[in-house]
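Single-structure report; data block below.
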Amino acid sequence: MCWSATADLIAGGAITAVGVASVASAAWRPLDLPLAALPLLLGAHQIVEAVVWHNGGGTGPATVIWAVIALPLVALWVPAAVLCAAPPGARRRLVIPLVAGIATCAALAHALASRPVTAEIRGHTVGYSLGLPWAGLIVLGYLLATIGSLLLSGDRGLVLFGVLVAGGAAVSFGLWRQEYISTWCAFAALCSVVLWFWVGRRRPRTPLPSGEPAP
């Protein structure tokens, strides 16, 4: 797939619109709202990357905002949101991804506060450099927090989303190893449209006047 400022802007706008619709659909179920808002967050994230493209990369505010969303915020947001929406029987096992997310978020936040993050335009992709210490361990914690929480959720729609995101991670790492973070975030943003359908499936059917559920 060919990415550019225009592609990120169009994709980000469309995914943000899906996020708005998803949040509106989940308004009746407050515990679903954090997950329903994930497409809104990821769509805005793609729009921020369009600004990074426009600036030619570098270390400006757009680069920092992009990194804050992609790294510590998502690492904590996803497992916490899954824990909120998951059925009661799955919540005990979801504590493990949540703890991993908290630890990973703290490590990434510290890294962003103490090291400059740089974006570099590389053809039709963007590479981000932060110079993480213990990078392998942090990546493992990130994957456990995000993909792990989805796969352990006990909900078919969330498991499907987790499988799609995991597949995107594998493809992105195989094809764009140096630009892995950027391409995977874009793939995850596109896959997050699944959450719109997930929210709709959880909406109760409107009862008929007789008290019977609508078909």
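Quick note: numbers below take in every heavy atom, side chains included, and nothing from hydrogens, waters or symmetry partners.
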Quiz item: Checking N55 side chain against G57 main chain: does a donor-acceptor pair fall under 3.5 Å?
Solution: no
Practice problem: Carefully, step by step, assess V139 and L143 under the rule side-chain contact (heavy atoms from CB on, under 4.5 Å). | Solution: CA-CA 6 Å; V139 169; L143 294 176; 4.1 Å; yes
Self-check item: Side chain to side chain, W53 and L9, heavy atoms closer than 4.5 Å
Solution: no
Practice problem: With the side chain counted from C-beta on, respond yes when V64 and L112 share a heavy-atom pair under 4.5 Å apart, and no when they do not. | Solution: no
Exercise. Give the C-alpha distance, both sets of side-chain angles, the deciding distance and a yes or no for side-chain contact (heavy atoms from CB on, under 4.5 Å) between L150 and V159.
Key: CA-CA 5 Å; L150 292 166; V159 171; over 6 Å; no
Quiz prompt | Any donor-acceptor pair under 3.5 Å from T59 side chain to T118 backbone | solution = no
Exercise. Taking the side chain as every heavy atom from C-beta outward, state whether I10 and T6 have any atom pair closer than 4.5 Å.
Key: yes
Exercise. Could you go through the side-chain contact (heavy atoms from CB on, under 4.5 Å) check for R201 and D155 one step at a time?
Key: CA-CA 11 Å; R201 182 173 59 83; D155 182 283; 3.1 Å; yes
Exercise. Hey, could you give me the CG/CG distance between L83 and L31, rounded to the nearest 0.5 Å?
Key: 9.5 Å
Quiz item: Distance-only, no hydrogens or angles: does the H45 side chain make a donor-acceptor pair with backbone N or O of I69 under 3.5 Å?
Solution: no
Quiz item: Hey, does L40 have a side-chain heavy atom less than 4.5 Å from the side chain of V18?
Solution: no
Self-check item: Common cluster, V23/I15, ILVMFWY with side-chain heavy-atom separation under 4.5 Å
Solution: no
Quiz prompt | Pair W198 and F161, ring centroids less than 6.0 Å apart | solution = no
Quiz item: Which value, rounded to the nearest 0.5 Å, describes the distance between D32 atom CG and S22 atom OG?
Solution: 9.0 Å
Self-check item: Test side-chain contact (heavy atoms from CB on, under 4.5 Å) applied to L158 and L35, step by step
Solution: CA-CA 10 Å; L158 298 184; L35 265 179; 3.7 Å; yes
Quiz prompt | Any Y142 side-chain heavy atom under 4.5 Å of L108 side chain | solution = yes
Exercise. Look at atom CD1 of I121 and say whether more than 12 heavy atoms of other residues, nucleotides or ligands are closer to it than 6.0 Å.
Key: yes
Quiz prompt | Pairwise side-chain contact, V126 with E120, heavy-atom cut-off 4.5 Å (strictly under) | solution = no
Quiz item: Under a single-linkage definition using a 4.5 Å side-chain heavy-atom cutoff for Ile, Leu, Val, Met, Phe, Trp and Tyr, are V165 and W196 assigned to the same hydrophobic cluster?
Solution: no
Quiz prompt | Beyond-backbone contact of R202 with F197, side-chain heavy atoms, under 4.5 angstrom | solution = no
Quiz item: Does the T104 side chain pair with the main chain of G101, one donor and one acceptor, at a distance under 3.5 Å?
Solution: no
Quiz item: Between C191 and L164, what is the shortest heavy-atom contact and its length?
Solution: SG-CB, 3.8 Å
Quiz prompt | Donor-acceptor pair, side chain of S153 and main chain of A86, under 3.5 angstrom | solution = no
Self-check item: Non-hydrogen atoms of A100 and A145 that approach each other most closely
Solution: C-CB, 4.2 Å
Quiz prompt | Nearest atoms (heavy-atom pairs only) where P97 meets G148 | solution = CG-C, 4.3 Å
Practice problem: Of all the heavy-atom pairs spanning A90 and L152, show the shortest one and how long it is. | Solution: CB-O, 4.0 Å
Quiz item: Should V199 and L160 be regarded as members of a common hydrophobic cluster, given that ILVMFWY residues are connected when their side-chain heavy atoms come within less than 4.5 Å of each other, either directly or indirectly?
Solution: yes
Self-check item: Short side-chain to backbone donor-acceptor contact, W77 and P34, under 3.5 Å
Solution: yes
Quiz item: Does P133 reach the side chain of H110, with side-chain heavy atoms less than 4.5 Å apart?
Solution: no
Quiz item: How far does CG of L130 sit from CG of L71, to the nearest 0.5 angstrom?
Solution: 7.0 Å
Quiz item: If you take all heavy atoms of A67 and V117, which pair is closest and at what distance?
Solution: CB-CG2, 4.0 Å
Quiz prompt | ILVMFWY network linking L144 to L132, side-chain heavy atoms under 4.5 angstrom | solution = no
Self-check item: Heavy-atom pair with the smallest gap, counting every atom of L195 and P39
Solution: CD1-CD, 3.9 Å
Practice problem: Report whether V74 and L33 are members of the same hydrophobic cluster (ILVMFWY, side-chain heavy atoms less than 4.5 Å apart, transitive linking). | Solution: no
